[in-house]
Amino acid sequence: LASEFSSEKGYTFVEQLHKVQCMLQDVGSNIATPLSSAREAHLKRTSFSEKPVLELEQWIDKYSEQLPPLRAFILPSGGKSSAALHFSRAVCRRAERCVVPIVQAGEADPNVAKYLNRLSDYLFVLARYAAMKEGKEEKIYIKSE
């Protein structure tokens, strides 16, 4: 959904989102192939390296440099692309919480959890970037009294 909304706006980061979607297939393959019981051929085919994590970090830096400093918590807002990216981030965080126990049990590669962690940061930065590019205001969190 985030990719589709962003594509309609002509954002160049849509190619990165497509790459992320493909990488998430690899994440799923790694999680579905228990390290303790899978055959060697399956383990080799579903291994997950640190390279995608490092790539996400480069992307995060690229977009973060273009954003104004964050001075308060923000709510999902900033137009359809931004809101969809914020929603994607929430889903990603939930997936990360589910994957951490699998990694801690030694059944999935630790880079899978690192990837999901960095992916949520990337989606947050992209959401802010999309809001800025569209000239949409980010709604600030206000603590209830």
Side-chain angles (χ1 to χ4, degrees), residues 1-35 38 42-145:
L1 185 63
S3 179
E4 289 300 314
F5 283 142
S6 299
S7 183
E8 288 174 5
K9 293 292 184 179
Y11 291 123
T12 56
F13 63 73
V14 171
E15 290 178 33
Q16 292 173 347
L17 291 177
H18 178 73
K19 190 169 186 178
V20 164
Q21 287 177 303
C22 292
M23 195 57 60
L24 288 173
Q25 291 293 114
D26 295 341
V27 164
S29 293
N30 186 271
I31 294 166
T33 309
L35 295 176
H42 289 162
L43 291 173
K44 195 172 188 177
R45 193 170 44 240
T46 62
S47 68
F48 198 88
S49 76
E50 187 182 25
K51 185 179 175 192
V53 177
L54 298 174
E55 185 173 48
L56 279 176
E57 289 175 352
Q58 290 173 348
W59 294 347
I60 291 166
D61 291 345
K62 173 186 173 184
Y63 291 105
S64 292
E65 291 169 359
Q66 301 174 57
L67 293 171
L70 194 58
R71 303 200 187 287
F73 289 114
I74 59 170
L75 303 172
S77 56
K80 289 181 183 177
S81 296
S82 179
L85 287 159
H86 278 294
F87 181 77
S88 298
R89 176 180 182 250
V91 172
C92 184
R93 283 283 190 214
R94 182 176 43 199
E96 180 187 7
R97 288 191 300 273
C98 292
V99 166
V100 165
I102 298 167
V103 169
Q104 288 175 335
E107 295 297 344
D109 192 297
N111 286 314
V112 166
K114 288 178 190 175
Y115 184 82
L116 292 173
N117 179 270
R118 301 313 294 147
L119 178 58
S120 65
D121 290 342
Y122 169 70
L123 293 168
F124 178 75
V125 168
L126 275 191
R128 294 196 65 224
Y129 178 81
M132 179 188 75
K133 283 298 192 185
E134 292 180 35
K136 303 278 185 173
E137 185 178 338
E138 293 177 303
K139 292 187 176 135
I140 303 297
Y141 161 78
I142 301 168
K143 185 165 177 60
S144 58
E145 296 178 29

Met23 and Pro52: which non-hydrogen atoms are nearest, and at how many Å? SD-CG, 3.7 Å
Quick check: closest heavy atoms across Ser7 and Val14, and the distance to 0.1 Å? N-CG2, 3.5 Å
Can Asp121 and Asn117 be said to form a side chain to side chain contact (heavy atoms under 4.5 Å, CB included), step by step? CA-CA 7 Å; Asp121 290 342; Asn117 179 270; 4.1 Å; yes
Among residues at least two apart in sequence or on other chains, which ones pass side-chain contact (heavy atoms from CB on, under 4.5 Å) with Arg94? Val91, Arg97
Mind checking side-chain hydrogen bond (donor to acceptor under 3.5 Å, both in side chains) for Asp26 and listing every partner two or more places apart, or none if nothing turns up? none
Heavy-atom closest pair (Pro69 atom, Arg128 atom, distance to 0.1 Å) is O-NH2, 4.2 Å
Closest non-hydrogen contact found for Glu134 with Gly78 is OE1-O, 4.3 Å
Run the side-chain contact (heavy atoms from CB on, under 4.5 Å) test against Ser77 and tell me which residues pass, sequence neighbours left out. Glu138, Lys139
Sequence neighbours excluded, the answer for side-chain hydrogen bond (donor to acceptor under 3.5 Å, both in side chains) partners of Tyr129 is none
Any idea which heavy atoms bring Leu85 and Ala130 closest together, and the distance? CD1-CB, 4.3 Å
Contacts of Ser120 meeting side-chain hydrogen bond (donor to acceptor under 3.5 Å, both in side chains) (sequence neighbours excluded), chain-then-number -> Arg93
Picking from Leu123, Val20, Leu1, Leu119, what satisfies side chain to side chain contact (heavy atoms under 4.5 Å, CB included) with Ser88? Leu123
Kindly check if the number of other-residue, nucleotide or ligand heavy atoms within 6.0 Å of CD (Gln66) is above 12? yes
Please name all residues satisfying salt bridge (charged side-chain N to carboxylate O under 4.0 Å, His left out) with Glu50, sequence neighbours left out, ordered by chain then number. none
Find the distance between CE (Met132) and CG (Leu67) and round it off to the nearest 0.5 Å. 5.0 Å
Close side-chain approach of Thr33 to Phe48, heavy-atom, < 4.5 Å: no
Please tell me if the side chains of Tyr63 and Gln16 come closer than 4.5 Å, counting only heavy atoms from C-beta onward. yes
Heavy atoms only: give me the nearest Tyr122-Leu17 pair and the separation to one decimal. CE2-CD2, 4.1 Å
Give every residue pair that meets the salt bridge (charged side-chain N to carboxylate O under 4.0 Å, His left out) criterion with at least one member in residues 67-91, sequence neighbours excluded. none
Considering only distance and modelled atom types, tabulate donor-acceptor pairs under 3.5 Å from the side chains of residues 104-116, sequence neighbours left out.
from, atom 1, to, atom 2, distance (Å)
Glu107, OE1, Leu35, N, 3.2
Glu107, OE1, Ser36, N, 3.1
Glu107, OE1, Ser36, OG, 2.9
Glu107, OE2, Ser36, OG, 2.6
Asp109, OD1, Asn111, N, 2.7
Asp109, OD1, Asn111, ND2, 3.2

Would you check if Phe13 and Ser6 make a side-chain contact, meaning some heavy-atom pair closer than 4.5 Å? yes
Mark yes or no for whether Gln25, through its side chain, and Gln21, through its backbone, hold a donor-acceptor pair below 3.5 Å. no
Contact check, side chains of Lys136 and Ser82, non-hydrogen atoms, under 4.5 Å: no
Sequence-distant partners of Ser29, side-chain contact (heavy atoms from CB on, under 4.5 Å), two or more places apart: Thr46
Are more than 12 heavy atoms, taken from residues, nucleotides or ligands other than Glu57, located less than 6.0 Å from that residue's CD atom? yes
Identify, with sequence neighbours excluded, every residue that meets side-chain contact (heavy atoms from CB on, under 4.5 Å) alongside Glu55. Lys19, Trp59
